[in-house]
Amino acid sequence: LLWRAHSGELDTDIKMVISNHPDLADAVEAWGISFHYVPVPKEARPAAEAEQLKLIADEVDVVVLARYMQILSPRFLVEFAKPIINIHHSFLPAFKGANPYRAAADRGVKLIGATAHYVTPELDAGPIIEQDIVRVDHRQSADDLRRLGRHVERAVLARAVAWHLDDRVLVHQNKTIVFA
């Protein structure tokens, strides 16, 4: 998303990146975008979310969750009250957990993919904006699947965010109509 915004492919002004891990700070700041490290320990999750809400208050119109492996609380969703877009692999619900690509490789999946959707209080059940797949076979290792999965996730997320920013997504009940 940073590259696409910088190149003009994505019509947006990225205000900041908030992360629960410090490892991408240099990469983000190299694009001239502020980076905020907000750890989210289980025992201090409400305080972390309060800090995140303070950072984004009156600053952003949409939040994009990318590699943010935390579930936003209902309180966060109510207080932010603007669109939040999430991206994840399309193995859910079959391959949950820390290593879904290993589990998928072990089961011999034939397709891997990604889903971008709006966040709702019900986990990973919000209106779907975009999905895509890549066909795979027995020759690909779990690392191959992970690499291919990340590639399709980046493409799906970029399309979903671009369509949202261009006002080409209409939400009706728990579905979307996308004017692509």
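- Residues Leu170 and Trp163 are members of separate hydrophobic clusters, defined by side-chain heavy-atom contacts under 4.5 angstrom among Ile, Leu, Val, Met, Phe, Trp and Tyr.
- Residue Glu59 places its CD atom among more than 12 non-hydrogen atoms of other residues, nucleotides or ligands, all under 6.0 Å distant.
- In the model, Tyr118 has a side-chain atom that pairs as donor or acceptor with a side-chain atom of His164 under 3.5 Å.
- Just one of Ile18, Val28, Asp26 meets the side chain to side chain contact (heavy atoms under 4.5 Å, CB included) condition when paired with Phe35; it is Val28.
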Could you go through Ile133 and Val152, starting from their C-alpha distance and side-chain angles, then the distance that decides it, and tell me whether this counts as side-chain contact (heavy atoms from CB on, under 4.5 Å)?
CA-CA 7 Å; Ile133 60 164; Val152 74; over 6 Å; no

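- For NE2 of His36, the number of neighbouring non-hydrogen atoms (other residues, nucleotides, ligands) closer than 6.0 Å is greater than 12.
- Tracing side-chain contacts under 4.5 Å through hydrophobic residues (I, L, V, M, F, W, Y), one never reaches Ile84 starting from Leu157; they form parts of separate clusters.
- Of all the heavy atoms in Arg4 and Ala155, the pair that sits closest is NH2-CA, 4.4 Å.
- Using a distance-only test at 3.5 Å, with no hydrogens or angles considered, a donor-acceptor pair links the side chain of Ser141 to the main chain of Asp144.
- For residues 161-180, the salt bridge (Lys or Arg N to Asp or Glu O under 4.0 Å) pairs, not counting sequence neighbours, are Asp166-Arg168.
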Verify salt bridge (charged side-chain N to carboxylate O under 4.0 Å, His left out) between Lys15 and Asp13, making sure each step is shown before the conclusion.
CA-CA 6 Å; Lys15 293 288 187 185; Asp13 176 20; 3.3 Å; yes

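- Taking the side chain as every heavy atom from C-beta outward, Thr115 and Asp132 never approach each other to under 4.5 Å.
- Other residues, nucleotides and ligands contribute at most 12 non-hydrogen atoms within 6.0 Å of the CZ atom of Arg107.
- Of all heavy-atom pairs spanning Ala5 and Thr12, the tightest one is CB-CG2, 3.9 Å.
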Check against side-chain contact (heavy atoms from CB on, under 4.5 Å), Ile87 and Ile85:
CA-CA 7 Å; Ile87 183 73; Ile85 298 173; over 6 Å; no

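- Within a 6.0 Å sphere centred on NZ of Lys82, other residues, nucleotides and ligands contribute more than 12 heavy atoms.
- Taking every heavy atom of both residues into account, Gly149 and Tyr101 meet most closely at CA-OH, 3.4 Å.
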Starting from the C-alpha separation in whole Å, work towards a yes-or-no answer on side-chain contact (heavy atoms from CB on, under 4.5 Å) for Gln131 and Val156.
CA-CA 6 Å; Gln131 294 178 296; Val156 166; 5.7 Å; no

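- At most 12 non-hydrogen atoms from other residues, nucleotides or ligands lie less than 6.0 angstrom from CD1 of Ile71.
- Gln140 places a side-chain N or O within 3.5 Å of a backbone atom of Asp137 that can act as its donor or acceptor partner.
- When the side chains of ILVMFWY residues are joined at heavy-atom separations under 4.5 Å, either directly or via intervening members, Val62 and Met16 end up in two distinct hydrophobic clusters.
- If you check the side chains of Asn20 and Arg67, you find no donor sitting under 3.5 Å from an acceptor.
- Val169 and Leu10 fall within a single hydrophobic cluster, where Ile, Leu, Val, Met, Phe, Trp and Tyr side chains are chained together by heavy-atom contacts under 4.5 Å.
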For Phe76 and Val78, run side-chain contact (heavy atoms from CB on, under 4.5 Å): C-alpha distance rounded to whole Å, both residues' side-chain angles, the deciding distance at 0.1 Å, then the answer.
CA-CA 5 Å; Phe76 186 100; Val78 168; over 6 Å; no

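- Checked for salt-bridge contact, Asp143 and Arg147 miss the test: no charged N lies under 4.0 Å from a carboxylate O.
- Taking each heavy atom of Gly126 and His117 in turn, the nearest pair found is O-CB, 3.7 Å.
- The closest donor-acceptor contact from the side chain of Thr176 to the backbone of Ile128 lies under 3.5 Å.
- Hydrophobic clustering places Val63 together with Val40 (ILVMFWY residues linked when any side-chain heavy atoms are closer than 4.5 Å, directly or through intermediates).
- Side-chain atoms of Asn86 never come within 3.5 Å of backbone atoms of Asp124 as a donor-acceptor pair (strictly under, hydrogens ignored).
- Proximity of Thr120 to Pro127: side-chain heavy atoms (C-beta onward) are separated by under 4.5 Å at one or more points.
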